[in-house]
Amino acid sequence: MNGNYNKKNSDREERLDFIRAIVAEDNRSGKWGGRVITRFPPEPNGYLHIGHAKSICLNFSIAAENKDGRCHLRFDDTNPCKEELEYVESIMADVRWLGWDWGEHLYYASDYFEQMYEYAVRLIKAGKAYVCDLTGEQIRQYRGTLTEQGKNSPYRDRSIEENLDLFERMRAGEFPDGSRTLRAKIDMASANLNMRDPVMYRILHASHHRTGDKWCIYPMYDWAHGLEDSVEGITHSICTLEFENHRPLYDWFLDQLGVHHPRQIEFARLNLSYTVMSKRKLLQLVQRGLVNGWDDPRMPTISGMRRRGYSPAAIREFCRLIGVNKFNSTVDIALLEHCVRQDLNRNSPRVMAVLRPLKVVIDNYPQDKVEQLEAINNPEDPAAGTRLVPFSRELYIERDDFMEEPPKKFYRLAPGREVRLRYAYFVTCKEAVKNPDGEIIELHCNYDPATRGGDAPDGRKVKSTLHWVSAPHSLSAQVRLYDHLFTKENPDDVANDADFTSNLDQNSLKVINNCRIEPSQANAEPLSRYQFERLGYFCVDPDSTADRLIFNRTVTLRDTWAKIQKAQHKQKT
RNA sequence: UGGGGAAUAGUGUAACGGUAGCACGACUGACUCUGGAUCAGUUAGUCAAGGUUCGAAUCCUUGUUCCCCAGCCA
């Protein structure tokens, strides 16, 4: 009994996912001599997104958790037609921004091309590979189907000498694109289509972003990837589920060659509600101008999230919380938002900003008087200190913070009601001034000088505290409010003839000009993150300048009043 | 009618034959100079049916459902 409890407790502490369990077991058995070497192997053909972050965090943290463990960053650049330097650079920047360090271990598959070629020659010499003259269309026909086995290529039994000669001439550029391939000689009857004599090399007279025109034959993924892992001494080659069917091939190539043979382990890729994750779809959004580029703050790309104001720590925590498994699932985007709020609550300085200003005149406050009031920078972090905020006779408050006829549970300002202005005074609303259309354009209030700083010496309470800015001191700013990109939890849930873009939320971006923000923000650094009190977390857009401040809303604060309002609305209808 | 994977609260994930737990969400309440944060609580689950066992999410059998595979993409 006792032993049982102990076992359970220690299990509870470890909490190993199935991949970490494999690594731990390998360490215990000494399978890899105690080494743990993982890798993140992106193809440089697009921008990284939060799904990649899951893989990045998995690979780098497993390395970090083990003594002398390391994780390589390797560009899997085996297809010159799709890949570009621009992507290489953005990928490195994103991985670094996420907080990971590959040290000396930056690699390119293209650096191994010569070695791969030699390995291919070895396979040919062993009678395990052959040059095939079938066209792409013919190869497909010969491959058979899911339920019918394939048939052997007529070129399958060429002599080793002829294969060697042909392969050399393929490399030398004697043949046009698509005219021949090098294929592994495995089994055209295999139930696994990947084993039906897979193509190892294709002819591509294309310029590669790193090797230029040195090569006109390029290795296929299945052939190349295991070799890359092997050459680098990778121990655990972690990839996504769709490669499960490829593992027998991965193993076959390395076994035939008799070289270092990492273990491939597959896990489920990340899906997130209210967004899409496929490179193809993200590319479509960008190319069709449905978003403003790869780093549009609504995009689930790392660069988009950075611009939106998500912190690396929040993303890492999210990736830790979602765990890792072998079945497809869709994580609620609310969990990501939770992680962001949790981190930003603890770490971002507070500031007062008014998104939709309503002018307030404190009638009994002296005309030209200005006071500097002390405000706390971060109540969660005393070390963040305090700052001074100017207060004067004319202020702005949030339009939403006043109602002429307040409904139940609306605690904010209303005619005759007293509230606190944060860090300032208690004020009571005396009058709401309207324009001819009946819109409220200005409030007149009185303040209680005895409540300076926000406390009433007589101990009286107010139901709410409002944020505010001094009208003459405040700065103008543009604020961009973001919402989920799609209206549906699953954007692919569409009517028969429509595509996923029909589920795009037309209101996912709202731009508000003429917001007012406290003067401490005059020189806010691009990409710095703040909490606008009572509103949410905001991030200075990279396009922001001292003359034209621009903030992106990262995520709102949890908003109890909004929930009550929603419920009240529902009741009415 | 082929092969390979996988099914635990609304969502995500633990439990590896021994009390089905955690997080997010939702809902109560307390507290609060942010209707934030914090704190306390409620809610709700083993795909199905059999079997083995003192005991099954876990082992066995059968079934159901979902995902992946027929690129000279990765």
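What's counted below: heavy atoms across the whole structure, side chains too, no hydrogens, waters or symmetry copies. In what follows, every chain begins at residue 1, and chains take the letters A, B, ... in the order their sequences are listed. Everything numeric here is computed off the predicted structure, so don't read it as measured data.
Look at the P atom in both B:G51 and B:A56: the space between them is 12 Å, to the nearest Å. Straight-line distance between the C1' atoms of B:C68 and B:C39: roughly 46 Å, to the nearest whole Å. Distance check on atom P: B:C59 versus B:U65 gives 23 Å, rounded to whole Å. Nucleotides B:A15 and B:A9 have their P atoms positioned 16 Å apart, rounded to a whole Å. Look at the P atom in both B:C60 and B:G2: the space between them is 23 Å, to the nearest Å. For B:A74 and B:U38, the P atoms lie 47 Å apart once the distance is rounded to whole Å. Nucleotides B:U58 and B:G17 place their C1' atoms 7 Å apart, quoted to the nearest Å. Only the C1' atoms considered, B:G25 is 29 Å distant from B:C16, to the nearest whole Å.
Nucleotide B:A30 is matched to B:U38 when pairs are restricted to Watson-Crick or G-U wobble geometry with both distances under 3.5 angstrom.
Considering only side-chain N and O atoms, A:Arg140 lies under 4.0 angstrom from the phosphate OP1 or OP2 of B:G71. OP1 or OP2 of B:A14 has at least one side-chain nitrogen or oxygen of A:Asn325 nearer than 4.0 Å. An OP1 or OP2 oxygen of B:A26 is reached within less than 4.0 angstrom by a side-chain nitrogen or oxygen of A:Lys563. Phosphate contact (OP1/OP2 of B:A37, side-chain N/O of A:Arg558, threshold under 4.0 Å): present. Put simply, A:Arg143 has no side-chain N or O that comes within less than 4.0 Å of OP1 or OP2 on B:C69. At least one side-chain nitrogen or oxygen of A:Arg202 sits closer than 4.0 Å to the OP1 or OP2 atom of B:A74.
Within the 4.0 angstrom heavy-atom criterion, base atoms lie near A:Thr147. When heavy atoms are screened at a 4.0 angstrom cut-off, A:Glu43 is found touching the sugar-phosphate backbone but no base atom. At a threshold of 4.0 angstrom between heavy atoms, the contacts of A:His246 include nucleobase atoms, whether or not backbone atoms are also involved. Nucleic acid contact for A:Lys463: none, since no nucleic acid atom lies under 4.0 Å from a heavy atom of the residue. Looking at heavy-atom distances under 4.0 Å, A:Phe243 makes contact with a base. If you check every strand for non-hydrogen atoms under 4.0 Å, A:Thr330 touches sugar and phosphate atoms only. Note on A:Thr78: only backbone sugar-phosphate atoms sit closer than 4.0 angstrom, heavy atoms only; bases stay farther off. Nucleic acid contact for A:Asn345: base, since at least one base atom lies under 4.0 Å from a heavy atom of the residue. At a threshold of 4.0 angstrom between heavy atoms, the contacts of A:Tyr423 include nucleobase atoms, whether or not backbone atoms are also involved. Residue A:Gln531 is in base contact, counting any heavy-atom pair closer than 4.0 Å across all strands shown. Residue contacts for A:Arg422: at a heavy-atom cut-off of 4.0 Å it reaches a base atom on one of the strands shown. Within the nucleic acid shown, A:Pro42 has no heavy atom closer than 4.0 Å to any nucleic acid atom. Looking at heavy-atom distances under 4.0 Å, A:Leu535 makes no contact with the nucleic acid at all. Counting any heavy atom pair closer than 4.0 Å across all strands shown, A:Asn245 reaches a base atom.
In this structure, A:Gln264 places its CD atom 12 Å from P of B:G5, rounding to the nearest Å. What separates NZ of A:Lys409 from C1' of B:G29 is a distance of 12 Å, to the nearest Å. Atom pair A:Lys54:NZ and B:U13:P shows a separation of 7 Å (rounding to whole Å applied). Taking atom CE of residue A:Met220 and atom P of nucleotide B:C69, one finds them 15 Å apart after rounding to whole Å. Straight-line distance from the CZ atom of A:Phe538 to the P atom of B:G36: 16 Å, rounded to whole Å. Counting to the nearest Å, the P atom of B:G2 and the CG atom of A:Asn192 are 15 Å from each other.
Each of A:Tyr201 and A:Asn194 has a nearest nucleotide on RNA chain B; the 5'-most of these lies closest to A:Asn194. Nearest-nucleotide positions on RNA chain B for A:Ala334 and A:Gly136 put A:Ala334 closer to the 5' end.
Centre separation under 5.5 Å together with a plane angle under 30° does not hold for the ring of A:Phe327 and the six-membered base ring of B:A6, so they are not marked as stacked.
Distance from the side chain of A:Leu335 is smallest to B:C24 among B:C24, B:G35, B:G12. The nucleotide whose nearest atom lies closest to any side-chain atom of A:Leu146 is, among B:U34, B:G35, B:A70, B:A70. Of the candidates B:A23, B:G3, B:A70, the closest approach to any side-chain atom of A:Ala191 belongs to B:G3. Taking the side chain of A:Val199 as heavy atoms from C-beta on, and the options B:A74, B:C72, B:G36, the nearest nucleotide is B:C72.
Partner of A:Leu395 under the side chain to side chain contact (heavy atoms under 4.5 Å, CB included) criterion, chosen from A:Ile362, A:Val427, A:Leu466, A:Leu358: A:Ile362.
Centroid-to-centroid, the aromatic rings of A:Tyr396 and A:Trp468 stay 6.0 Å apart or farther.
With A:Ser179 contributing its side chain and A:Pro176 its backbone, the two residues share a donor-acceptor pair below 3.5 Å. Formation of a donor-acceptor pair under 3.5 Å by the A:Arg158 side chain with backbone atoms of A:Val131 is found in this model.
Counting atom types as modelled, A:Arg534 pairs no side-chain N or O with a base atom of B:G35 as donor and acceptor under 3.5 Å. The base of B:G10 is not paired with the side chain of A:Asp332 by any donor and acceptor separated by under 3.5 Å. A donor-acceptor contact under 3.5 angstrom links the side-chain atoms of A:Glu380 to the base of B:G36.
For the pair A:Arg420 and A:Phe426, the NZ or CZ position fails the cation-pi test of under 6.0 Å to the six-membered ring centre and within 45 degrees of the ring normal. Geometric assessment of A:Arg350 against the ring of A:Phe532 yields a negative cation-pi assignment under the 6.0 Å and 45° thresholds.
For A:Pro382, there are no side chain to side chain contact (heavy atoms under 4.5 Å, CB included) partners at least two apart in sequence or on another chain.
For NZ of A:Lys566, the number of neighbouring non-hydrogen atoms (other residues, nucleotides, ligands) closer than 6.0 Å is 12 at most.
Using a cutoff of 4.0 Å between basic side-chain nitrogens and carboxylate oxygens, A:Arg387 and A:Glu518 are scored as salt-bridged.
The glycosidic torsion of B:G71 lies within 90° of 0, placing the base in the syn range.
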